[in-house]
Student: 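Mind looking over this structure? Questions follow.
The structure presented is a predicted model; accordingly, all values stated were derived computationally and were not measured.
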Amino acid sequence: MQRIRLRYTKRGRLRFTSHRDFQRAFERALRRAEVPMAYSAGFTPHPKVSYANAAPTGTASEAEYLEIALTEPRDPAKLRELLDESLPGGLDIVDAVEARTSGLADRLTASVWELRLDGVDPADAERAVAAFLAADTVDVQRMTKNGLRTFDARAAVAGLETVPASADRPLDGPCAILRLVVRHVTPAVRPDDVLSGLRAVADLAPPVPAAVTRLAQGLFDEESGTVTDPLAPDREAVTAAPSKAAGPAAATAPEGAGSA
C-alpha cells in the first residue's frame, strides 16, 4: 500500500467551504481521477483519507494537508495534476510527495497566519501588537460546544508583528497587515482569538471583519522562530532512496476529466 501526502489551498470564495464540504469535493475528485484508493473495512467502507488540522471555515489557507492510501502505486506529481484538475478553482492541490516517514500530524505544531485589517492604521496596529506582546496573559472568551470558555491567548503566540503590504495587493485606504505565528495547543488559539486579545489590551477593533490567511503550518523551530515544511522529511527520504514502484501503474487522465 502506497501513501501520498498532499498540500492543498483554500482561496477566494472557497475559503467559506466547510471541512465537510471539502471532504465531499475531494472524494468526488478521487473518483473522477480514477485514483486506486484503499478503503476501510466494515459495513460502510470509505476512502482512507487522513486530514490534518484543517483551517476554520471562513479563513483562507495556502497550507492544508492530508494523506491518502492507495492500493496501487502512482507517481505523486502526476497524481497531483489529476486531482487538481478534478477540483474547483480555489481548492488547489499544490504539492504531493510519497510518505516515507511517520507522523505527519506530529509535525504540524504551529501555523503562520496573515491578518489583513482594512480600515486600521498601521501605527495603531503596531501599538496594539506591542501591548499584546508585553502582557503576561491575555484572557479571551470563546463559545464552545460546552459553553462559554475563557483561556489565555498570549501563551500560544510565538510571534506577532506588523508587515508592509505586498506589491501585488494594493491598499485602498488605511490597512494594517499582521503576521502571526501561533503554536498548536489545547485549547486551540485561533486568529480570531488573537484579534479578541488585541481588542482587550488595546481596544483595537477593525471596522470590517479581518481577512485571514494561513500561509504555512509545520514544525516550529524554537531557535529560529520559523515554521518548517512538514513534507520536507518525506521529500528528502525519496531523494535518498527513490521509489522503484513507478512505471505502468503511473496515473493517466481519465476521459472527460475536468474541473468540478
Student: To check you understand the geometry: which heavy-atom pair defines the closest contact between I93 and R80, and what is its length?
Tutor: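 Reported closest heavy-atom pair: O-NH1, 2.6 Å.
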
Student: Check whether F16 and Y51 end up in the same hydrophobic cluster, where Ile, Leu, Val, Met, Phe, Trp and Tyr are linked by side-chain heavy atoms less than 4.5 Å apart.
Tutor: no

Student: If every non-hydrogen atom of D136 is compared with every non-hydrogen atom of R154, which pair is closest and at what distance?
Tutor: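 Minimum heavy-atom separation between D136 and R154: O-CG, 3.8 Å.
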
Student: Short question: side chain of D92, backbone of V94 - any donor-acceptor pair under 3.5 Å?
Tutor: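 No, D92 side chain to V94 backbone: no donor-acceptor pair under 3.5 Å.
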
Student: With rounding to the nearest 0.5 angstrom, report the OG1 to CG distance, T9 to L91.
Tutor: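 Separation between the atoms: 7.0 Å.
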
Student: What is the distance from atom OG1 of T226 to atom CG of D221, rounded to the nearest 0.5 Å?
Tutor: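 Here the interatomic distance stands at 4.5 Å.
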
Student: Using a strict 4.0 Å threshold on nitrogen-to-oxygen distance, state whether R116 and E114 make a salt bridge.
Tutor: no

Student: What heavy-atom pair brings G218 and V227 nearest, and what distance separates the two atoms?
Tutor: N-CG1, 3.1 Å

Student: If we only count heavy atoms from C-beta on, is the T101 to R107 side-chain gap below 4.5 Å?
Tutor: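 Yes, close enough: below the 4.5 Å cut-off.
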
Student: Under a 4.5 Å cut-off applied to non-hydrogen side-chain atoms, are L231 and D95 in contact?
Tutor: yes

Student: Could you verify whether a donor N or O on one side chain and an acceptor N or O on the other, from R11 and S61, lie under 3.5 Å apart?
Tutor: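 The criterion, which ignores hydrogens and geometry beyond distance, is not satisfied for S61 and R11.
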
Student: Can you tell which of L178, L115, D203, V138 makes a side-chain contact (heavy atoms from CB on, under 4.5 Å) with L198?
Tutor: L178

Student: Is the shortest heavy-atom distance from the side chain of I68 to the side chain of L79 under 4.5 Å?
Tutor: yes

Student: Please name the pair of heavy atoms, one in T213 and one in E62, separated by the smallest distance, quoted to 0.1 Å.
Tutor: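 Closest approach of T213 to E62, heavy atoms only: CG2-CG, 4.4 Å.
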
Student: Same cluster for L104 and V97 if Ile/Leu/Val/Met/Phe/Trp/Tyr side chains link at under 4.5 Å?
Tutor: yes

Student: Can you confirm if the aromatic rings of Y8 and F22 lie within a centre distance of less than 6.0 Å?
Tutor: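 For F22 and Y8, the ring centres are under 6.0 Å apart.
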
Student: Could you tell me which non-hydrogen atom of T17 sits nearest to which non-hydrogen atom of K10, and how far apart they are?
Tutor: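 It is O-NZ, 3.0 Å.
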
Student: Less than 4.0 Å between a side-chain N and a carboxylate O, is that true for D234 and R5?
Tutor: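 A salt bridge is present here (some side-chain N lies under 4.0 Å from a carboxylate O).
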
Student: Does some side-chain heavy atom of H184 sit less than 4.5 Å from a side-chain heavy atom of Q217?
Tutor: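 Yes; the side chains approach each other to less than 4.5 Å.
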
Student: Give the cluster check for F220 versus V182: same hydrophobic cluster or not, with ILVMFWY residues linked at side-chain heavy-atom distances below 4.5 Å.
Tutor: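 No, F220 does not connect to V182 through the hydrophobic network.
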
Student: Could you give me the CA-CA distance, side-chain angles and deciding distance for T144 and R149, then say whether side-chain contact (heavy atoms from CB on, under 4.5 Å) is met?
Tutor: CA-CA 7 Å; T144 69; R149 182 167 187 176; 4.1 Å; yes

Student: Determine the minimum heavy-atom distance between R142 and V189, stating which atoms define it.
Tutor: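 Scanning both residues, the minimum pair turns out to be NH2-CA, 4.3 Å.
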
Student: Looking only at side-chain N and O atoms, does S40 offer a donor or acceptor that is under 3.5 Å from a partner on H46?
Tutor: yes

Student: State the NE2-CD distance between H19 and E64, to the nearest 0.5 angstrom.
Tutor: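 Answer for the NE2-CD pair, H19 versus E64, is 9.0 Å.
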
Student: Kindly say whether R74 contributes a backbone atom to a donor-acceptor pair with the side chain of Q2 at under 3.5 angstrom?
Tutor: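 At least one qualifying donor-acceptor pair exists.
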
Student: Quick check: is M37 connected to L66 through a chain of hydrophobic side chains (ILVMFWY, heavy atoms under 4.5 Å apart)?
Tutor: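 Cluster IDs for L66 and M37 match.
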
Student: Side chains of L215 and W113, heavy atoms from C-beta outward: is any pair under 4.5 Å?
Tutor: no

Student: Does L204 reach the side chain of R127, with side-chain heavy atoms less than 4.5 Å apart?
Tutor: no

Student: Going through the distances and angles, do V140 and F151 end up as a side-chain contact (heavy atoms from CB on, under 4.5 Å)?
Tutor: CA-CA 6 Å; V140 299; F151 57 94; 3.9 Å; yes

Student: Does R100 pair with E98 as a salt bridge, N-O distance under 4.0 Å?
Tutor: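 Salt bridge flag = yes for E98 with R100.
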
Student: So, using side chain to side chain contact (heavy atoms under 4.5 Å, CB included) as the criterion, who are the partners of Q141 when residues are at least two apart?
Tutor: L148, T150

Student: L6 and Y65: side-chain contact (heavy atoms from CB on, under 4.5 Å), yes or no, with the steps?
Tutor: CA-CA 6 Å; L6 305 170; Y65 293 92; over 6 Å; no

Student: Mind checking the OG1-NZ spacing from T71 to K48? Nearest 0.5 Å is all I need.
Tutor: 10.5 Å

Student: Indicate whether the side chain of S196 and that of D193 have a donor and an acceptor atom separated by less than 3.5 Å.
Tutor: no

Student: Can V181 and L160 be said to form a side-chain contact (heavy atoms from CB on, under 4.5 Å), step by step?
Tutor: CA-CA 6 Å; V181 182; L160 180 62; over 6 Å; no

Student: Is E222 salt-bridged to R183, cutoff N-O under 4.0 Å?
Tutor: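 Counted as a salt bridge, because a side-chain N and a carboxylate O are separated by less than 4.0 Å.
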
Student: Is there side-chain contact between P206 and V120, with heavy atoms separated by less than 4.5 Å?
Tutor: yes

Student: Just wondering, more than 12 heavy atoms not from E27 lying within 6.0 Å of its CD?
Tutor: yes

Student: Can you tell me if S111 and R214 form a side-chain donor-acceptor pair at under 3.5 Å?
Tutor: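 Yes - a donor-acceptor pair under 3.5 Å links their side chains.
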
Student: Using the test ring-ring contact (aromatic ring centres under 6.0 Å, His included), find all partners of Y39 that sit at least two apart in sequence or belong to another chain.
Tutor: none

Student: L70, L87: one ILVMFWY side-chain cluster at the under-4.5 Å cut-off?
Tutor: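 Yes, one cluster joins them.
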
Student: Taking side chain as C-beta onward, heavy atoms only, is R28 less than 4.5 Å from L30?
Tutor: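 A side-chain contact under 4.5 Å is absent here.
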
